[in-house]
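Numbers for residues simply follow the sequence, beginning at 1.
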Amino acid sequence: MALRVVDFHAGWEKIQRAIDRIVSFVDDNGVIRDENFRLFSASESMSIYETVYNLCTQKDPAYEKELYRRYEDFLNHHINTRVLPAMRGKSGEHLLRETVRSFRDYKFIMRWMTLFFLYLDQFFVGRYNRPTIRNAALLILHNQVYEEMKGDIISTVLSLINEDRDGKPVDRALVKQVLEVVFDLQSETLNVPYQTDFEPALLDSSGAYYALKMANWLQNLPYPEYMLQVVECLNAENFRAMQYLHPSTVPKLLERTKFEIANPDRIDANFLAGKVQQLKLGSNSYYC
C-alpha cells in the first residue's frame, strides 16, 4: 500500500463522514435485521482504511494515538446522546426491548469501526497496551450503560421467569435475546456479566420461589401427590430453561431446584412437621 501524507483534519473529516453515515443509517432504520447488509462498498471501505493507515504510519507526526482517542470519544458521545437517553425512564418489557435494540445497533456500528480502524488493532493496541477496537467499545458500553441499567434489566428478567413458571404468557424470545446481550458483553478485560451478575441472582431468586412452592405443596398435598408434583415441576423447569438460558446455566438451575423441592431430608422433615402441626390443630379444635 502506497504511503501518502495526509493532513490530519482532512483525514479525520473523511472518517467522520463515514461514521456519520453509519449512525444516520442506524437512526433511520432502527433494529438492524440484516446483519450482512453492506453500508459501504468494498472500495469505499478500503479508502477509509487507507486514510487511517496513512495517518498512523506517516512520520512527523503519526496520529495513531489521536485516532484512538477520537474513536473512544465518538463511542462515549454516541452512548450519552443516543443509547442512555433511549433506555432511561423505561421499565418492564419496554426496557428489555430497548436493551436488545440498542445493543443490535451498537454491534452494527462496532463492526464497521473494527473494519475502519483495523490498523490500530494490528499495530497500536499491542504496543501501547490498549484494548482492541472491539473491546474498547464493549468496555465503554459495560461501564456506562450496563452498570447503570443492570439492576432493572436483571430484576425484570427474573420477574418474567417467575411469571413463566406461574403459567402466565411471557415473551420467551425476548428473555433469550436480553440474556444474549448480557452474555455478549464479555471481553478480554471483563468478567462475563452473565455469570457474575445474572446467574447468581437467578439461582437465589429460584431458590426463594421454590422454597415457597415446597411449603405450599407440603401443606396441601398428600405425600405421593407431592412427589408427582416434584417430577412435573423439574421437567417443566428444564423445558423452560432450555428456551432462554445459556446451556451452562441449566444444570445449575436444576440442581438448585432439586435442592429446594426434592431433597429427601428436607421433604421428610417438613412433611413430618406439617403432620404434627395438623395434629396439634386438630387437638386444639377438639378441646374447644
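- Electrostatic pairing of Glu148 and Arg88 counts as a salt bridge here, judged by a charged N lying under 4.0 Å from a carboxylate O.
- The line from CZ of Arg70 to NE2 of His77 is 13.5 Å long, rounded to the nearest 0.5 Å.
- The backbone N or O of Gly151 lies less than 3.5 Å from a partner atom in the side chain of Ser155, making a donor-acceptor pair.
- In terms of hydrophobic clustering, with Ile, Leu, Val, Met, Phe, Trp and Tyr side chains grouped at heavy-atom distances under 4.5 Å, Tyr128 and Leu75 are assigned to a common cluster.
- In this structure, Arg256 pairs ionically with Asp204, as a charged nitrogen and a carboxylate oxygen lie closer than 4.0 Å.
- With Ser102 contributing its side chain and Thr99 its backbone, the two residues share no donor-acceptor pair below 3.5 Å.
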Side chain to side chain contact (heavy atoms under 4.5 Å, CB included), that's the test. Do Tyr223 and Leu218 meet it? Break it down for me. CA-CA 7 Å; Tyr223 190 84; Leu218 285 172; 5.5 Å; no

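- Classification of the Tyr194-Phe198 ring pair by plane angle, with boundaries at 30° and 60°, yields tilted.
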Please determine whether salt bridge (charged side-chain N to carboxylate O under 4.0 Å, His left out) holds for the pair Asp105 and Arg82, giving the CA-CA distance in whole Å, both sets of side-chain angles, and the decisive distance to 0.1 Å. CA-CA 11 Å; Asp105 290 351; Arg82 284 177 167 81; over 6 Å; no

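- When all heavy atoms of Ile79 and Pro85 are compared, the pair lying nearest together is O-CD, 3.8 Å.
- Scanning all heavy atoms of the two residues, the minimum distance from Asp7 to Leu55 falls at O-CD2, 4.2 Å.
- The residues Glu237 and Arg240 are annotated as salt-bridged, a charged nitrogen and a carboxylate oxygen being separated by less than 4.0 angstrom.
- Asp166 places no side-chain N or O within donor-acceptor distance of the main-chain N or O of Lys168, the cut-off being under 3.5 Å.
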Side chain to side chain contact (heavy atoms under 4.5 Å, CB included) between Asp197 and Val182, worked out: CA-CA 9 Å; Asp197 297 329; Val182 178; 5.9 Å; no

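- Judged by distance alone, the side chain of Arg21 and the main-chain N or O of Leu39 form a donor-acceptor pair under 3.5 Å.
- To the nearest 0.5 angstrom, Lys258 atom NZ is 11.5 Å from Cys233 atom SG.
- Judged by distance alone, the side chain of Ser24 and the main-chain N or O of Asp20 form a donor-acceptor pair under 3.5 Å.
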I would like to know whether Asn162 and Ser159 meet side-chain hydrogen bond (donor to acceptor under 3.5 Å, both in side chains); could you show each step before the answer? CA-CA 5 Å; Asn162 281 342; Ser159 294; over 6 Å; no

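- Side-chain atoms of Glu163 and Pro169, non-hydrogen and from C-beta on, never get closer than 4.5 Å to each other.
- Pairing each heavy atom of Tyr244 with each of Leu179, the nearest pair is O-CD1, 3.4 Å.
- Under the 4.5 Å side-chain contact rule for hydrophobic residues, Leu212 and Ile261 do not share a cluster.
- Under the salt bridge (charged side-chain N to carboxylate O under 4.0 Å, His left out) rule, Glu64 has a single partner from Arg127, Arg69, Lys59, which is Arg127.
- Here Ile140 contributes atom CD1 and Glu72 contributes atom CD; the two are 5.0 Å apart, rounded to the nearest 0.5 Å.
- Contact between His94 and Lys90 at its shortest, heavy atoms only, is O-CD, 3.8 Å.
- Linking ILVMFWY residues whenever their side-chain heavy atoms come closer than 4.5 Å, directly or via other members, leaves Leu228 and Val230 in distinct clusters.
- Between the side chain of Gln243 and the main chain of Phe239, a donor-acceptor pair closer than 3.5 Å is present.
- Listed for the Asn80 side chain is a donor-acceptor partner under 3.5 Å among the backbone atoms of Asn76.
- Across all non-hydrogen atoms, the minimal contact from Ala18 to Phe40 is O-CZ, 3.5 Å.
- Relative to the six-membered ring of Tyr209, Arg165 meets both conditions, a distance below 6.0 Å and an angle of at most 45° to the axis.
- The main-chain N or O of Leu139 is found under 3.5 Å from a side-chain atom of Asn143 such that the two form a donor-acceptor pair.
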Determine whether Arg101 and Glu98 satisfy the following criterion, salt bridge (charged side-chain N to carboxylate O under 4.0 Å, His left out), listing intermediate values before the conclusion. CA-CA 5 Å; Arg101 187 197 70 80; Glu98 185 60 42; 2.6 Å; yes

Taking it one step at a time, do Leu67 and Ile15 satisfy side chain to side chain contact (heavy atoms under 4.5 Å, CB included)? CA-CA 10 Å; Leu67 283 174; Ile15 297 167; 4.0 Å; yes

Output a table of donor-acceptor pairs, distance under 3.5 Å, between side-chain atoms of residues 114-124 and any protein atom two or more places apart or on a different chain; print 'none' if there are none.
| from | atom 1 | to | atom 2 | distance (Å) |
| --- | --- | --- | --- | --- |
| Thr114 | OG1 | Met110 | O | 2.8 |
| Asp121 | OD1 | Ile133 | N | 2.7 |

Under the side chain to side chain contact (heavy atoms under 4.5 Å, CB included) criterion, do Leu138 and Asn135 qualify, and how do the steps go? CA-CA 5 Å; Leu138 289 174; Asn135 285 337; 4.2 Å; yes

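- Of all non-hydrogen atoms in Pro131 and Tyr68, the two that sit nearest each other are O-OH, 2.7 Å.
- To the nearest 0.5 angstrom, Arg130 atom CZ is 11.5 Å from Tyr71 atom OH.
- Looking at Asn220, its side chain does come within 3.5 Å of a backbone N or O of Asn216 through a donor-acceptor pair.
- The closest donor-acceptor contact from the side chain of Gln186 to the backbone of Phe183 lies under 3.5 Å.
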